[in-house]
Amino acid sequence: MKIDENTTPLLTVDHLKQYFKVSGSFTVKAVEDVSFKIYPGETYGLVGESGSGKSTIGRSIIRLYDPTAGEIQFNGLDISGKMSKSDSQTLRTQMQMIFQDPMTCLNPTKPVGKQIVEAIQHHRHLSKAEAKAEAIKYLSLVNIPNPEERAKQYPHEFSGGMRQRALIAIGLACRPELLIADEPTSALDVTVQKKILDHLHMLTDSLGTAVLFITHDLGLAAERAQHIVVMYKGQVVESGPSLEVLQHPQHPYTKRLVAAAPSLASQRIISVKE
């Protein structure tokens with residue numbers, strides 16, 4: 001997607017800092033002075049190893065954490081400060097987050113379809129009948145076979161890939177303007193991974209949804225995102241258009257990521273170098 005220079009950013013993260021007090025006076029600086037912008041409909045990659053601060057940024061954006069310092073703007077509004085419960089709920093009708101482990105996010109005591117219906121009713125205020133129809137529709141869109149029957153089943157009756165698709169269905173069915181996908185397929189084999197990410201791209205592209213794609217895998221991010229930010233120890237060490245970062249990495253850490261790229265996008269990196 002080509003971004004017009006006059007387009008207003010959907011999300012602006014400006015000098016974000018996120019510190020956590022662990023014990024006594026000891027403070028962990030999880031995120032240190034991070035800035036970037038995401039435009040409507042753009043897929044943006046946030047890349048780094050475990051502990052780099054990338055997931056903390058996603059949680060700060062969706063306001064699971066209160067930022068220590070800096071500013072976060074969404075749709076031109078400052079969402080950095082303390083928020084009321086109603087304001088938080090309103091914000092979460094406009095952005096959704098897909099987490100890494102679907103078994104910790106799906107309720108094991110409720111059928112999958114019911115969980116999607118509840119999310120839709122909460123965020124879109126549809127009737128129960130309308131929400132049930134939407135739940136079936138989105139299960140079908142993420143390629144769940146026999147969605148009417150599968151909707152009646154519990155999470156433990158789904159495979160790992162199907163549970164991840166169900167989380168994507170929940171996220172997209174709420175019609176967010178921004179979808180934060182935090183390592184959404186890292187536990188899956190590469191074949192299933194590719195299918196799920198292809199479906200995610202197709203659906204977000206058709207809906208015009210912006211995506212913040214969080215991953216440890218630079219190759220995978222480059223395959224899926226137009227722009228990449230590389231994180232290391234809580235700081236941005238490199239950013240730019242995906243192929244530019246792949247072809248001309250500047251920071252030693254980025255160079256190591258390019259050399260190690262283990263993902264299904266590795267072949268693309270090789271072809272780009274050639």
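Scope of the values below: all heavy atoms of this structure, side chains included, with no hydrogens, waters or symmetry mates.
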Heavy-atom side-chain proximity of K17 to K29 below 4.5 angstrom: no

In the structure I gave you, are the side-chain heavy atoms of V34 and M231 within less than 4.5 Å of one another anywhere? yes

Heavy-atom closest pair, residues A225 and G45: CB-N, 3.4 Å

Any salt bridge (charged side-chain N to carboxylate O under 4.0 Å, His left out) involving residues 112-129? Give me the pairs, sequence neighbours left out, ordered by first then second residue. K110-E118, R124-E134

Looking only at heavy atoms, the pair that brings L257 and H216 closest together is CD2-O, 4.4 Å

Grab the two heavy atoms, one from E148 and one from I136, that are nearest each other, plus how far apart they are. CA-CD1, 3.7 Å

Roughly how far, to the nearest 0.5 Å, is CG of L203 from OH of Y138? 8.0 Å

For a quick test of reading the model, state the closest non-hydrogen atom pair linking A151 to P111 and the distance between them. O-CB, 3.6 Å

Enumerate the residue pairs fulfilling ring pair (Phe, Tyr, Trp, His ring centres under 6.0 Å) with a member in residues 233-258, sequence neighbours excluded, ordered by first and then second residue. Y232-Y253

Considering only heavy atoms from C-beta outward, does the side chain of Y154 approach that of Q115 to under 4.5 Å? no

ring-ring contact (aromatic ring centres under 6.0 Å, His included) against Y44, all qualifying residues, sequence neighbours excluded: F36, H227

Can you check whether Q250's main-chain N or O pairs, donor with acceptor, with E238's side chain at less than 3.5 Å? yes

Would you call L172 and L141 a side-chain contact if the rule is heavy atoms closer than 4.5 Å? no

Do the side chains of F99 and M95 join up, straight or via other hydrophobic residues, at under 4.5 Å, putting them in one cluster? yes

Interatomic distance, CG@L139 vs CD1@I144, rounded to 0.5 Å, equals 6.0 Å

Counting only N and O atoms by type, is there a donor-acceptor contact under 3.5 Å from the side chain of K54 to the main-chain atoms of E49? yes

Donor-acceptor check, side chain of Q153 to backbone of V112, threshold 3.5 angstrom: yes or no? no

Does L179 reach the side chain of L200, with side-chain heavy atoms less than 4.5 Å apart? yes

Pairs touching residues 197-209 that satisfy salt bridge (charged side-chain N to carboxylate O under 4.0 Å, His left out), sequence neighbours left out: K194-D198, D198-R224

For D217 and T215, does a side-chain donor sit closer than 3.5 Å to a side-chain acceptor? no

Set out, in order, the CA-CA distance, both residues' side-chain angles and the distance that settles side-chain hydrogen bond (donor to acceptor under 3.5 Å, both in side chains) for Q18 and S60, then state yes or no. CA-CA 8 Å; Q18 192 70 68; S60 298; 2.7 Å; yes

Would you say that V47 contacts V229 through its side chain, given a criterion of any heavy-atom pair below 4.5 Å between the two side chains? no

Could you check whether any side-chain N or O of E42 sits under 3.5 Å from a backbone N or O of A210, counting only pairs where one atom can act as donor and the other as acceptor? no

Is the backbone of P184 close enough, under 3.5 Å, to the side chain of Q164 for a donor and an acceptor to pair up by distance? yes

Quick check against the 3.5 Å criterion: does T204 have a side-chain atom that pairs as donor or acceptor with the backbone of T209? no

Could you state the interatomic distance from NZ (K152) to CD (E157), rounded to the nearest 0.5 Å? 12.0 Å

Output, in order, the C-alpha distance, side-chain angles, deciding distance and verdict of side-chain contact (heavy atoms from CB on, under 4.5 Å) for E177 and F74. CA-CA 10 Å; E177 295 179 62; F74 184 72; 4.2 Å; yes

Starting at CD of E32, measure out to CG of L16 and round the result to the nearest 0.5 Å. 10.0 Å

Test of understanding: with side-chain hydrogen bond (donor to acceptor under 3.5 Å, both in side chains), list the residues that count as partners of H122, not counting sequence neighbours. none

Write down the atom of G113, the atom of A135, and the distance for their closest heavy-atom approach. O-CB, 4.2 Å

List the atom of P40, the atom of T8, and the distance in Å for their closest heavy-atom pair. CD-O, 3.5 Å

With side-chain contact (heavy atoms from CB on, under 4.5 Å) as the test, would you mind laying out the steps for D182 and R59 before giving the verdict? CA-CA 9 Å; D182 187 5; R59 286 162 171 75; 2.9 Å; yes

Show the atom names and distances, to 0.1 Å, of all donor-acceptor pairs under 3.5 Å that link a side chain in residues 61-70 to residues at least two apart or in another chain.
from, atom 1, to, atom 2, distance (Å)
R63, NE, Y65, O, 3.3
R63, NH1, I79, O, 2.4
R63, NH1, G81, O, 2.7
R63, NH2, D66, OD1, 2.3
R63, NH2, G81, O, 3.2
D66, OD2, K82, NZ, 2.9
T68, OG1, Y19, N, 2.8

Could you tell me whether the side chain of S80 and the main chain of I72 form a donor-acceptor pair under 3.5 Å? yes

Beyond-backbone contact of L218 with L246, side-chain heavy atoms, under 4.5 angstrom: yes

L106 vs I170 side-chain heavy atoms within contact, under 4.5 Å: yes

Measure the spacing between NE2 of H156 and OG1 of T109 and express it to the nearest 0.5 Å. 11.5 Å

For L46 and F213, run side-chain contact (heavy atoms from CB on, under 4.5 Å): C-alpha distance rounded to whole Å, both residues' side-chain angles, the deciding distance at 0.1 Å, then the answer. CA-CA 6 Å; L46 197 57; F213 185 55; over 6 Å; no

Just by modelled atom types, is the M202 backbone N or O under 3.5 Å from a matching donor or acceptor in the S206 side chain? yes

Any donor-acceptor N/O pair, S35 side chain to H15 backbone, under 3.5 Å: yes

May I have the step-by-step check of side-chain contact (heavy atoms from CB on, under 4.5 Å) for T27 and V22, ending in yes or no? CA-CA 6 Å; T27 299; V22 179; over 6 Å; no

Rounded to the nearest 0.5 Å, the CG atom of L197 sits from the OG1 atom of T43 at a distance of 10.5 Å

